Amino acid sequence: MKEGLKIVISGPSGSGKGTIVKELIKNEQFMLSISATTRMPRQGEEEGVHYYFKSTSEFEDMIAEEALLEYANFCGNYYGTPKAPIEEGVKNGKDVILEIEVQGAQQIKQIYDDAVFIFVIPPSLTELEKRLVGRGTETEEVIAKRIGRAKEELAMYKEYDYIIINDTLADAIDQINHIVYTEKLRSSRFEVDIERVINN
Ligand code: ADP
Ligand code: 5GP
């Protein structure tokens with residue numbers, strides 16, 4: 001069995017990453033890397049499903065134990081990717097999705113040079129604010145912080161292999177599925193197949 005892909009999905013808060021990923025993982029081909037965070041759970045978020053919710057000292061213990069592949073501070077909270085499930089997932093042929101912010105994505109780039117980097121952006125900042133307000137999960141103050149951060153994040157788009165403008169959700173999902181389909185045709189993934197062709 002061929003290894004799955006490691007797919008990093010970043011984008012400003014409210015751009016629609018979570019919504020896109022939720023749709024993608026309905027397909028068993030994908031596995032979502034569940035992050036650890038020190039932020040409080042939102043209504044409806046479950047431990048071990050959306051995040052592993054940690055206190056700051058628990059999170060700092062994970063850092064000290066080197067249990068995290070990467071971590072970053074985003075708008076005042078820690079977020080990090082547990083190491084173990086990623087390797088296991090790709091070995092089992094799953095395309096593992098890391099839905100993480102830009103500083104974490106930079107760290108992953110140093111670790112995995114074969115990961116695929118996708119940046120999801122909103123059609124406009126006005127629409128981004130509308131979506132964040134519409135989601136109704138953050139206070140006005142937190143929304144303002146996240147929009148401020150969005151401008152800095154958008155400037156980093158060139159660090160990514162692909163840009164998805166999440167205007168219509170179905171199109172965004174379709175585009176990501178096309179990227180995944182094409183990434184699997186990279187020559188670097190065909191060593192074994194070429195051997196078989198040559199020897200038969
Ligand atoms: P993120 O995970 O990037 O912070 P979410 O997936 O939570 O963003 O999306 C933010 C809000 O925007 C949610 O209320 C979601 O339902 C909505 N949303 C996501 N994608 C679209 C879209 N293509 N068109 C309109 N609303 C969207
Ligand atoms: P939220 O609080 O909206 O769930 O997430 C805030 C930001 O943290 C988003 O940009 C999200 O992609 C990012 N994030 C979630 N998990 C991780 C992680 O494990 N590492 C990093 N670096 N960022 C993460």
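We count ligands from 1, going down the list as the structure has it; atoms in each ligand are counted the same way. Note that the coordinates shown come from a computational prediction; the quantities given were computed from them, not determined experimentally.
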Quiz item: Which residue and non-hydrogen atom of the protein lie closest to atom 10 (O) of ligand 2, and at what distance in Å?
Solution: E101 CB, 3.5 Å
Practice problem: Specify the protein heavy atom at minimum distance from atom 19 (C) of ligand 1: its residue, its atom name, and the distance to 0.1 Å. | Solution: T19 OG1, 3.6 Å
Exercise. Tell me, yes or no, whether the heavy-atom count around I143 atom CD1, taken from other residues, nucleotides or ligands under 6.0 Å, exceeds 12.
Key: yes
Quiz item: Is it the case that S188 and R186 place a side-chain donor and acceptor less than 3.5 Å from each other?
Solution: no
Exercise. Flag this pair as yes if the NZ/CZ of K109 is under 6.0 angstrom from the six-membered ring centre of F117 and inside a 45 degree cone about the axis; otherwise no.
Key: yes
Self-check item: Side-chain H-bond candidate by donor/acceptor type, E101 with Q103, under 3.5 Å
Solution: yes
Quiz prompt | Closest candidate by heavy atom, reference atom 20 (N) of ligand 2, pool E70, R149, Q106 | solution = E70
Exercise. Return the residue, atom name and 0.1 Å-rounded distance of the protein heavy atom closest to atom 20 (N) of ligand 1.
Key: N166 ND2, 3.1 Å
Quiz prompt | Greater than 12 external heavy atoms within 6.0 Å of K151's NZ | solution = no
Practice problem: Select one of side chain, backbone, both or neither to describe which atoms of R39 lie under 4.0 Å from any atom of ligand 2, heavy atoms only. | Solution: side chain
Quiz item: Can you check whether Y157 and F119 have ring centres sitting under 6.0 Å from each other?
Solution: no
Practice problem: Check ligand 1 against P12 and write out every atom of the ligand that is under 4.0 Å from a heavy-atom position of the residue. | Solution: 3 (O)
Quiz item: Is it the case that more than 12 heavy atoms not belonging to R189 sit under 6.0 Å from its CZ atom?
Solution: yes
Self-check item: Test of proximity, A36 against ligand 2: N or O pairs below 3.5 Å
Solution: no
Quiz item: Which of the atoms in ligand 2, numbered in the order shown and given with their element, are less than 4.0 Å from a heavy-atom of A72?
Solution: 22 (N)
Self-check item: side-chain contact (heavy atoms from CB on, under 4.5 Å) between I164 and I179, worked out
Solution: CA-CA 10 Å; I164 302 292; I179 292 167; 3.8 Å; yes
Quiz item: Quick one: do the N77 and T38 side chains pair a donor with an acceptor below 3.5 Å?
Solution: yes
Quiz item: Is there a nitrogen or oxygen of R146 sitting under 3.5 Å from a nitrogen or oxygen of ligand 2?
Solution: yes
Exercise. Looking only at protein heavy atoms, identify the closest one to atom 11 (C) of ligand 2 and say how far it is in Å.
Key: E99 OE2, 3.4 Å
Self-check item: Contact check, S15 vs ligand 1, heavy-atom distance below 4.0 Å
Solution: yes
Practice problem: Output the list of atoms in ligand 1 that are nearer than 4.0 Å to some heavy atom of S13, sorted by atom number. | Solution: 4 (O)
Quiz prompt | Polar proximity ligand 1 side, E99 side, N/O cut 3.5 Å exclusive | solution = no
Self-check item: Shortest protein heavy-atom distance from atom 16 (N) of ligand 2, along with the residue and atom involved
Solution: S35 OG, 3.0 Å
Quiz item: To which protein heavy atom is atom 15 (C) of ligand 2 closest, and what is the distance rounded to 0.1 Å?
Solution: Y51 OH, 3.2 Å
Self-check item: Best match, K130, R135, E127: closest heavy atom to atom 13 (C) of ligand 1
Solution: R135
Quiz item: For atom 2 (O) of ligand 1, what is the nearest protein heavy atom, given as residue, atom name and distance?
Solution: G18 N, 2.8 Å
Quiz item: Hey, which atoms in ligand 1 end up nearer than 4.0 Å to a heavy atom of D167?
Solution: 22 (C), 23 (N), 24 (N)
Exercise. Please work out whether any backbone atom (N, CA, C, O) or any side-chain heavy atom from C-beta onward of R42 is under 4.0 Å from ligand 2, and answer side chain, backbone, both or neither.
Key: side chain
Quiz item: Does a donor on one side chain sit under 3.5 Å from an acceptor on the other, for Y160 and S10?
Solution: yes
Quiz item: N/O to N/O below 3.5 Å, does that happen between G14 and ligand 1?
Solution: yes
Quiz item: Taking the inter-plane angle between the rings of F74 and Y79 on a 0 to 90° scale, is it parallel (under 30°), tilted (30 to 60°) or perpendicular (over 60°)?
Solution: perpendicular
Quiz item: Side chain, backbone, both or neither: which part of Y79 has a heavy atom under 4.0 Å from ligand 2?
Solution: both
Quiz item: For atom 8 (O) of ligand 1, what is the nearest protein heavy atom, given as residue, atom name and distance?
Solution: G16 N, 3.2 Å
Quiz prompt | M40, portion touching ligand 2 at heavy-atom distance under 4.0 Å | solution = neither
Self-check item: Residue and atom name of the nearest protein heavy atom (relative to atom 18 (N) of ligand 1), distance in Å to one decimal
Solution: R131 CD, 4.0 Å
Quiz item: By number and element, which atoms of ligand 1 are closer than 4.0 Å to a non-hydrogen atom of L169?
Solution: 23 (N)
Quiz item: Rounded to the nearest 0.5 Å, what separation is found between the NZ atom of K6 and the CG atom of D95?
Solution: 10.5 Å
